[in-house]
Structure formats: structure tokens, C-alpha cells
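Ligands are counted one by one from 1 in listed order, and the atoms in each one are counted from 1 as well. No experiment lies behind these values; they were computed from the predicted model shown.
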Amino acid sequence: MNAYRHILLAVDYSEHSDTVARRAKDLAERYQARLSIIHVLDNIPMPDTGYGTVISLAEDSGYDLLEAEKAKLMQIGNQLGAAQADRWMIWGTPKQEIVKFAERENIDLIVVGSHGRHGLALLLGSTANSVLHYAGCDVMAIRLLNG
Ligand code: AMP
């Protein structure tokens, strides 16, 4: 079995994101793998953008809601010590964008929570479920008990 070389953490900023993030960091350290982080924006209106837009983290959009989302990604990125270039915010549908991104970036392990903002306790959330089905690489769903 080959070691993981590039791990993708998918964060939705739900209350259990830290647990999922810590597990991804631990795995990246154990495997000495590169760690990328993705947050898919599906909950704020984005006028005049096409599907699958990558949002620049370097430029100020002048849009408060978007800047607040960026700040959360920066905080998690800093906590995990992920390179600036490995922090991604993409506009679209989480389950689709996570799988597409993983293919494009040659990710070999995706780490998601078993549920998030849309999931129920003890059930696999729809994003985790879909990523498990459609990803071309390994997927680790971190069991989250409450929320
Ligand atoms: P859910 O399907 O909403 O229950 O979410 C399950 C897991 O999918 C979460 O714990 C995250 O790891 C991931 N996820 C859900 N929504 C997003 C999102 N907007 N961006 C990135 N990852 C997400």
C-alpha cells in the first residue's frame, strides 16, 4: 500500500469542523503528506459568477459575507499550518466540487465529517455519502456523534 501524498480536508465550518480538521492534520503528519483544504460556498448569494468558480483568497472582494467565509478558512488553514496555496474556496455544490477538485489536484485521500450542517446525528450526511460514492480516491468519513 502506498502512503498518502496529498490529503484533502473538506470543511463546512459546522460545530464539528475542528474534530475533522484535527484528524486530517494528524493523517498528513503521519504520512508526511501535503494537506489541502477546501470550503465550497453554497450558502451565500454570489451574483454574476459561473458554476465552479474559484474565489481568490488574495484579493478583497468588498463583499462582507464572502470576506467572513475567507477569514474562517484562513483561521483553519493557520491552525493546520497549510500553505496559502493549498487553501481553496470554490463556489458551487459541495458534493460535486469536492470530487472534481480531488480529481484535478490528484488527491489520494479526502477527509470529511460523517455529517455537517445538513446531516443528522449517526447518519451519513448527503455530502459525505456522495463523496464516498463518486470520488476516485480513498475517502475517510470522520464519525461525528452529535450535532
Ligand atoms: P453534510 O452532508 O452537510 O452532512 O456534510 C458532511 C461533511 O461534508 C462535512 O462534515 C464536511 O466535511 C463536508 N462538507 C459539507 N458541506 C461542505 C462545504 N460547503 N464545503 C466543504 N465541505 C463540506
Side-chain angles (χ1 to χ4, degrees), residues 4-31 33-58 61 63-147:
Y4 295 118
R5 284 162 301 156
H6 194 178
I7 297 173
L8 178 64
L9 164 67
V11 280
D12 62 355
Y13 311 145
S14 61
E15 60 175 310
H16 296 294
S17 288
D18 268 4
T19 308
V20 184
R22 275 200 304 272
R23 183 57 64 93
K25 182 177 199 272
D26 179 59
L27 285 163
E29 283 171 0
R30 283 171 199 262
Y31 285 100
R34 181 173 161 197
L35 179 62
S36 288
I37 308 171
I38 185 173
H39 175 67
V40 183
L41 272 183
D42 63 339
N43 60 343
I44 64 171
M46 285 288 292
D48 299 330
T49 55
Y51 176 76
T53 305
V54 174
I55 294 158
S56 166
L57 297 174
S61 65
Y63 183 16
D64 287 349
L65 281 174
L66 188 53
E67 292 308 308
E69 296 287 302
K70 281 188 195 176
K72 291 185 216 166
L73 184 59
M74 284 302 155
Q75 195 189 352
I76 293 178
N78 291 343
Q79 271 168 14
L80 301 190
Q84 294 281 346
D86 291 334
R87 304 172 188 185
W88 294 85
M89 198 149 84
I90 294 179
W91 170 249
T93 307
K95 55 190 175 193
Q96 290 171 353
E97 296 304 328
I98 293 166
V99 169
K100 261 199 324 200
F101 180 87
E103 275 163 20
R104 198 186 77 199
E105 295 294 316
N106 293 319
I107 297 292
D108 37 32
L109 176 67
I110 302 172
V111 180
V112 290
S114 60
H115 65 82
R117 289 173 296 154
H118 312 112
L120 296 170
L122 299 174
L123 293 179
L124 205 52
S126 67
T127 309
N129 194 26
S130 186
V131 169
L132 272 165
H133 274 92
Y134 294 107
C137 64
D138 287 1
V139 177
M140 181 176 285
I142 307 303
R143 172 71 66 199
L144 301 170
L145 294 178
N146 305 305

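- With His39 contributing its side chain and Val11 its backbone, the two residues share a donor-acceptor pair below 3.5 Å.
- Within the 4.0 Å heavy-atom cutoff, Val20 does not count among the residues contacting ligand 1.
- In terms of modelled atom types and a separation under 3.5 Å, the side chain of Arg87 and the main chain of Ala82 share a donor-acceptor contact.
- Taking every non-hydrogen atom of Val112 and a distance limit under 4.0 Å, the qualifying atoms of ligand 1 come out as 12 (O).
- For the residue pair Leu144 and Gly113, the shortest heavy atom distance occurs at CD1-CA, 3.8 Å.
- Contacts between Val11 and ligand 1, counted as non-hydrogen atom pairs separated by less than 4.0 Å, involve the backbone only.
- Between Ser14 and ligand 1, no pair of N/O atoms sits closer than 3.5 Å.
- With distances taken over non-hydrogen atoms, the option nearest atom 7 (C) of ligand 1 out of Gly113, Ala128, Ala10 is Gly113.
- One finds a salt bridge joining Arg30 and Asp26 here, because a Lys/Arg side-chain nitrogen approaches an Asp/Glu carboxylate oxygen to under 4.0 Å.
- The shortest non-hydrogen separation linking Leu41 to Ile55 is CD1-CD1, 3.2 Å.
- Remark: side-chain polar atoms of Asp42 are not paired, donor with acceptor, to backbone N or O of Pro94 under 3.5 angstrom.
- Here is the list of ligand 1 atoms found below 4.0 Å of a heavy atom in Pro94: 16 (N), 17 (C), 18 (C), 19 (N).
- Residue Ile38 approaches ligand 1 through these ligand atoms, each under 4.0 Å from one of its heavy atoms: 21 (C).
- With no hydrogens or angles considered, a side-chain donor-acceptor pair links Glu67 and Ser61 at under 3.5 Å.
- When only interatomic distances are considered, the shortest N/O to N/O separation between Ser114 and ligand 1 does not fall below 3.5 Å.
- Counting heavy atoms under 4.0 Å from ligand 1, residue Ile142 does not touch it at all.
- Atoms of ligand 1 found under 4.0 Å from any heavy atom of Ser126 (numbered from 1 in listed order, with element): 2 (O).
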